[in-house]
Amino acid sequence: MRKSLYDILKKQYDKKQQLAYDNLTTRRDKLYSIEPRLMKIEEEINQLGISYNKMILQSENSFHQVVEELIQKIDSLKLEREERLIRLGFPKDYLEAIYECGSCKDTGYIETERGFESCACFKQQLILLSFERSNLKLTEKENFDCFDANFYPDDVDEEKYGIRKSPRDHILGIKDKCLKFVENFADPNEKNLYFCGPTGIGKTFMASCIAAEILKNAGTVLYQTAPILFDTISSYKQKSLKSESDEDCTYSSIFDTDLLIIDDLGTESQTMSRYAELLNILNIRQLNNLSRPCKTIISTNIEPNKLYEYYTERVASRIIGGFSFIKFAGKDIRSIMKASAK
């Protein structure tokens, strides 16, 4: 399965690179017809680059001065190119390829001290292909730019909302905590997040806001509802029993992705095997987090003091010890939005 996904992604990245090259060629042709000198500059830079590489390969001390002169000539030509572009009304990088991912230049790989590794964009695309229902498209409309505290009441009613401040002030405080979570995401001491509260008051929205920020920072994110997550694990184990040895990305991503969002925890089948699976996820991700960012967000209707009623003592204890609890309060935003749309 993983090999076929890699093949699919490789073709997608080849298309991205080709598109970037074709677009660059179109821009070059247009500019060269307007300003022929730009084409001559490009040719001179290329020729000097070839000479430079030859000098470096020879690596003799007598060539050091020549190499310096070549670098100065190349820099001078680049400066002339930038000045001509700006004078023509184009940005100075107009003759450079534009890639979807600047880190890997749409190759899918980056060079590190350990050698070439998959870029974060490639890892994220692999996750999205593996989980077609990952719902990460939510981040396009559910992010901090779309956050609106006006959906939350401004009145204080502890009996009604279960908090001692207005839901509006409360959600603004939650937003600050979530932004701090993003800021400290790489800190192994930063706890996971446990969102709890009634349906429709912003738990999934806030998780999507965090997901959008992690994606912006080149992290990987996996969002799944609890029932689908555990069904994925069960499916993987059934395949394993049949000796289907191909590595399954859908399974490994649960443990490896930088941010795992488990939505609607408690709606999955309540069985001992599910308890063991959840404990395994939490334990492995906690260990991973010691060496690299590996955080988890749980969104649920289950209040913290009710965890022991739903899960085994070990699972409940692991959640209580490893998560910061954030209670959501207010009115059902979905109902408000539906009413306003009529």
Side-chain angles (χ1 to χ4, degrees), residues 1-6 8-9 118 122-138 192-196 203-204 207-208 210-211 214 219-302 306-323:
M1 178 182 177
R2 193 176 181 87
K3 184 178 183 302
S4 63
L5 290 178
Y6 269 109
I8 292 171
L9 277 181
S118 296
F122 188 92
K123 293 176 183 177
Q124 186 60 49
Q125 289 302 315
L126 192 60
I127 291 173
L128 291 175
L129 273 179
S130 302
F131 289 88
E132 293 181 357
R133 293 169 289 180
S134 61
N135 293 332
L136 282 179
K137 285 192 174 182
L138 288 173
N192 303 301
L193 297 179
Y194 185 96
F195 294 165
C196 61
K203 300 189 300 296
T204 301
S208 294
I210 293 173
I214 300 305
T220 57
V221 180
L222 174 60
Y223 167 96
Q224 281 296 295
T225 61
I228 292 176
L229 186 74
F230 290 113
D231 285 347
T232 298
I233 296 173
S234 297
S235 176
Y236 170 80
K237 291 186 174 180
Q238 289 173 8
K239 290 179 182 178
S240 299
L241 291 174
K242 296 176 183 177
S243 299
E244 296 180 11
S245 58
D246 286 348
E247 185 180 356
D248 192 336
C249 182
T250 57
Y251 179 75
S252 61
S253 295
I254 294 170
F255 303 95
D256 296 337
T257 189
D258 296 337
L259 175 64
L260 172 65
I261 300 172
I262 307 175
D263 204 0
D264 294 330
L265 188 73
T267 59
E268 74 281 0
S269 301
Q270 299 294 305
T271 63
M272 290 305 295
S273 62
R274 294 290 167 96
Y275 301 153
E277 288 160 1
L278 178 57
L279 183 63
N280 191 40
I281 291 170
L282 298 176
N283 283 341
I284 291 177
R285 291 187 62 79
Q286 183 182 42
L287 288 173
N288 288 341
N289 188 59
L290 296 176
S291 57
R292 61 174 181 80
C294 196
K295 299 291 195 294
T296 305
I297 296 176
I298 289 175
S299 177
T300 178
N301 295 346
I302 305 172
K306 300 287 186 180
L307 276 169
Y308 286 97
E309 298 177 18
Y310 280 82
Y311 297 101
T312 62
E313 183 175 351
R314 292 181 67 191
V315 172
S317 177
R318 176 64 70 203
I319 293 174
I320 290 172
F323 286 74

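Quantities reported herein were computed from a predicted structural model and do not represent experimental measurements. Position 1 is the first residue of the sequence; numbering continues from there.
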Closest contact, heavy atoms only, [X] versus [Y]:
{"X": "D264", "Y": "A226", "value": "O-CB, 3.6 Å"}
{"X": "V221", "Y": "Q124", "value": "N-OE1, 2.6 Å"}
{"X": "T300", "Y": "K203", "value": "O-CE, 3.4 Å"}
{"X": "C294", "Y": "T257", "value": "SG-O, 3.8 Å"}

Worked check of salt bridge (Lys or Arg N to Asp or Glu O under 4.0 Å) between R292 and D258:
CA-CA 8 Å; R292 61 174 181 80; D258 296 337; 3.8 Å; yes

Rounded at 0.5 Å granularity, tell me how far [atom1] in [X] sits from [atom2] in [Y].
{"X": "S253", "Y": "L260", "atom1": "OG", "atom2": "CG", "answer": "10.0 Å"}
{"X": "L265", "Y": "I297", "atom1": "CG", "atom2": "CD1", "answer": "13.5 Å"}
{"X": "T232", "Y": "Q224", "atom1": "OG1", "atom2": "CD", "answer": "5.5 Å"}
{"X": "L282", "Y": "R318", "atom1": "CG", "atom2": "CZ", "answer": "7.5 Å"}

Which residues satisfy the salt bridge (Lys or Arg N to Asp or Glu O under 4.0 Å) test with E313, sequence neighbours excluded?
none

Does R274 have any salt bridge (Lys or Arg N to Asp or Glu O under 4.0 Å) partners at least two apart in sequence or in another chain, and if so, which?
D231, E277

Taking side chain to side chain donor-acceptor pair (under 3.5 Å) as the definition, give me every residue that meets it alongside [X], ordered by chain and number, with sequence neighbours left out.
{"X": "T296", "result": "R285"}
{"X": "T271", "result": "S273"}
{"X": "S317", "result": "none"}

Enumerate the residue pairs fulfilling ring pair (Phe, Tyr, Trp, His ring centres under 6.0 Å) with a member in residues 253-294, sequence neighbours excluded, ordered by first and then second residue.
Y251-F255, Y275-Y311

Is any side-chain heavy atom of [X] less than 4.5 Å from a side-chain heavy atom of [Y]?
{"X": "Y223", "Y": "I228", "value": "no"}
{"X": "T225", "Y": "T267", "value": "no"}
{"X": "T220", "Y": "L259", "value": "no"}
{"X": "I298", "Y": "N192", "value": "no"}
{"X": "F230", "Y": "L278", "value": "yes"}
{"X": "I262", "Y": "Y194", "value": "no"}
{"X": "L307", "Y": "E309", "value": "no"}
{"X": "I254", "Y": "L222", "value": "yes"}

Ignoring hydrogens and angles, state whether a donor on the side chain of T204 or D263 is under 3.5 Å from an acceptor on the partner side chain.
yes

Atom OH of residue position Y308 - does it have more than 12 heavy atoms of other residues, nucleotides or ligands inside 6.0 Å?
yes

